[in-house]
**Q** 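Structure below; questions to follow.
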Amino acid sequence: MSGTKTIIDAQNGKTFEVPEEMLQSGSLIIIDSRNGKKYSVPVTNGTIRAMDFRQMKISDDDFGLMTYDPAFLNTASCRSAITFIDGDKGLLRYRGYPIEQLAEKSSFLEVAYLLIYGSLPTKTEFEEWSHNIVHHTMLHENTKKLMEGFNRDAHPMGMFISSVGALSSLYPDAKNIFDKDLRQLQIYRLLGKMPTIAAYCYRHRQGLPYVYPDNTLSYTGNFLSMMFKMTELKYKLNPVLEHALDVLFILHADHEQNCSANVMRSVGSSQADPFVSLAAASAALYGPLHGGANEQVLHMLNDIGSKENVAAYVKRVKEGEVRLMGFGHRVYKNYDPRAKYIKEIADKVFEVTGRSRLIDIALELERIALQEEYFITRKLYPNVDFYSGIIYQAMGFPTDAFTVLFAIARTAGWLAQWQELILDQEQKISRPRQMYVGEGKRDYIEVKKRE
Ligand code: SDX
């Protein structure tokens, strides 16, 4: 029989012997101290399968062990080849391409193709891709009637989420999610119509007539035209602002298994159509801890009011009274590479729009925060939302429209994540388990006997 190997207990430093045949390379040896049983659990890609714990029982009728991970701090829900993030190094790559290179050289529509299909398109592929999306920018006229039902001061995210979900009722063919051509058609429709919905939300609230898509313009240029065109025959784009917004869309396009991507996958896993799945993902993005943070950053900067008040605000943050919106990240424990790039875009935009006074408050906030122990020990750095809102405001977007802009861009990532889920043979309907901590069995009490 082969020998044993001395193993060191990581928690108390004690040593013990384990049979060598159990020490297969790339596995965990688990000893269940409740009954002395040993298990060998394979490690794959730095993960162990949660289902491997179900064999660990202490009696025949034992369900077996589960893993418990509130908010999924340490749980991989899928295999994905779309986006890679190294939070410690502050790296972000879409399908292997560094975000800095894509921001510098690509366009949002090309990045959307890359995220969804996994490779950069050839010239012909891109022309076909653009043609198809551009020819799906129009909205069914009924969508306008839906929007008319909203108050003038309705938050645009409420309108956006409702309108996206409503599109599901217009395209029943979207339910055929395993039909490749029909799935492709919904991808064209969703990418094509998001900017139109976003613009219509804005125009409704401004009391302005809707502007129909101008398919002679770029994807982002057409969005700006639908947002800001007035009585002129053709909207005159400022190329610096058009490009800046396109780069911002690239930077917001995907971010692996963030909260809203997880929702897109979870709703999609029930085989719901991509319209209602994307409406659900947009709802998740709306939260102030997620995509809603860019709007909250503007409110925070306005509340601070001036550079002189920054130190007092940071004190309130350190005392736990308020959060520094636009700071911190579940994955990045270094500077969010997107925030770095967005800061550079700000200077270019301000050359056109004039410098925003809020940028000086934001820069002072960052300067002070990055030298404070509270932020350093918690590895809190500016994230994608810290500077983006200042640019959006300078470009003329209302503060409560910022998350809608995030949703337009993230539609590409949500669709890529959704399609990857649909095609993943290992996936099935998402249905987590729970740790039940409620009452044991008890009998019904008539109301007259209740206290
Ligand atoms: C996005 O996941 C993604 O990839 C998201 C996103 C994407 O592209 O999809 O990157 C987009 O959502 C960016 C994040 C936008 N949200 C904000 O800017 C809101 C402010 N930030 C946070 O609330 C917070 O940092 C989160 C939500 C982003 C991350 O929260 P975690 O990982 O759950 O961390 P936590 O709340 O457990 O905080 C850890 C500690 C706590 O202190 P202690 O309890 O240990 O004393 O850090 C503190 C927190 O109080 N902390 C903050 C803080 N963020 C965390 N303290 C002050 N200000 C903050 N912003």
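Whatever order the structure lists them in is the order used to number ligands and atoms, beginning at 1. These numbers come from a predicted model, not from an experiment.
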**Q** Quick one: sort the Tyr200 and Tyr212 rings into parallel, tilted or perpendicular, breaks at 30° and 60°.
**A**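 Plane angle over 60°, so perpendicular.
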**Q** Hey, mind stepping through Tyr113 and Leu120 against side-chain contact (heavy atoms from CB on, under 4.5 Å) and telling me if it holds?
**A** CA-CA 7 Å; Tyr113 185 99; Leu120 288 168; over 6 Å; no
**Q** Does some non-hydrogen atom of Arg338 fall short of 4.0 Å from ligand 1?
**A**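 Yes, Arg338 has heavy atoms under 4.0 Å from ligand 1.
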**Q** Could you identify the single nearest non-hydrogen protein atom to atom 51 (N) of ligand 1 and state the distance to 0.1 Å?
**A**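 Result for atom 51 (N) of ligand 1: Leu380 CD1, 3.7 Å.
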**Q** What protein heavy atom lies closest to atom 58 (N) of ligand 1? Include the residue and the distance to one decimal.
**A**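 Sorting protein heavy atoms by distance from atom 58 (N) of ligand 1 puts Leu324 N, 3.0 Å first.
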**Q** Could Arg205 and Phe150 be counted as a cation-pi pair, given that NZ or CZ must be under 6.0 Å from the ring centre and within 45° of the axis?
**A**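 Judged by the rule (NZ or CZ under 6.0 Å from the ring centre, within 45° of its axis), Arg205 is not positioned above Phe150.
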**Q** Evaluate Asp336 for polar contact with ligand 1, using N/O atom pairs at a separation under 3.5 Å.
**A**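 No; the residue has no nitrogen or oxygen that sits under 3.5 Å from a nitrogen or oxygen of the ligand.
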**Q** Taking both backbone and side-chain atoms of Ala293, is any N or O found less than 3.5 Å from an N or O belonging to ligand 1?
**A**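 No, there is no polar N/O contact under 3.5 Å.
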**Q** State whether any protein heavy atom lies less than 4.0 Å from atom 44 (O) of ligand 1.
**A**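 For atom 44 (O) of ligand 1 the answer is no, since every protein heavy atom stays at 4.0 Å or beyond.
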**Q** Is Phe327 close to ligand 1, meaning an N/O of one under 3.5 Å from an N/O of the other?
**A**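 Yes; at least one N/O pair falls below 3.5 Å.
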**Q** Would Phe386 count as a contact of ligand 1 if the rule is a heavy atom under 4.0 Å away?
**A**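 It does not; every heavy atom stays at 4.0 Å or beyond.
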**Q** Among all the protein's heavy atoms, is there at least one whose distance to atom 48 (C) of ligand 1 comes out below 4.0 Å?
**A**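 Under the 4.0 Å cut-off, atom 48 (C) of ligand 1 does have protein heavy-atom neighbours.
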**Q** Please report which non-hydrogen protein atom sits nearest to atom 13 (C) of ligand 1, along with the residue it belongs to and the distance in Å to one decimal place.
**A**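 Here the nearest protein heavy atom works out to Asp385 OD2, 3.5 Å.
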**Q** Aromatic contact between Phe108 and Tyr219, with the criterion being ring centroids under 6.0 Å apart: yes or no?
**A**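 Yes, ring centres under 6.0 Å apart.
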**Q** Given His329, Arg330, Arg323, Arg378, identify the one with the heavy atom nearest to atom 35 (P) of ligand 1.
**A**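 Comparing heavy atoms across His329, Arg330, Arg323, Arg378, the nearest one to atom 35 (P) of ligand 1 lies in Arg323.
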**Q** Would you mind checking which non-hydrogen protein atom is closest to atom 28 (C) of ligand 1, with the distance to 0.1 Å?
**A**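 The answer is Gly328 O, 3.6 Å.
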**Q** Between Ser260 and His290, does any side-chain donor sit less than 3.5 Å from a side-chain acceptor?
**A**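 Yes, His290 and Ser260 have a side-chain donor paired with an acceptor closer than 3.5 Å.
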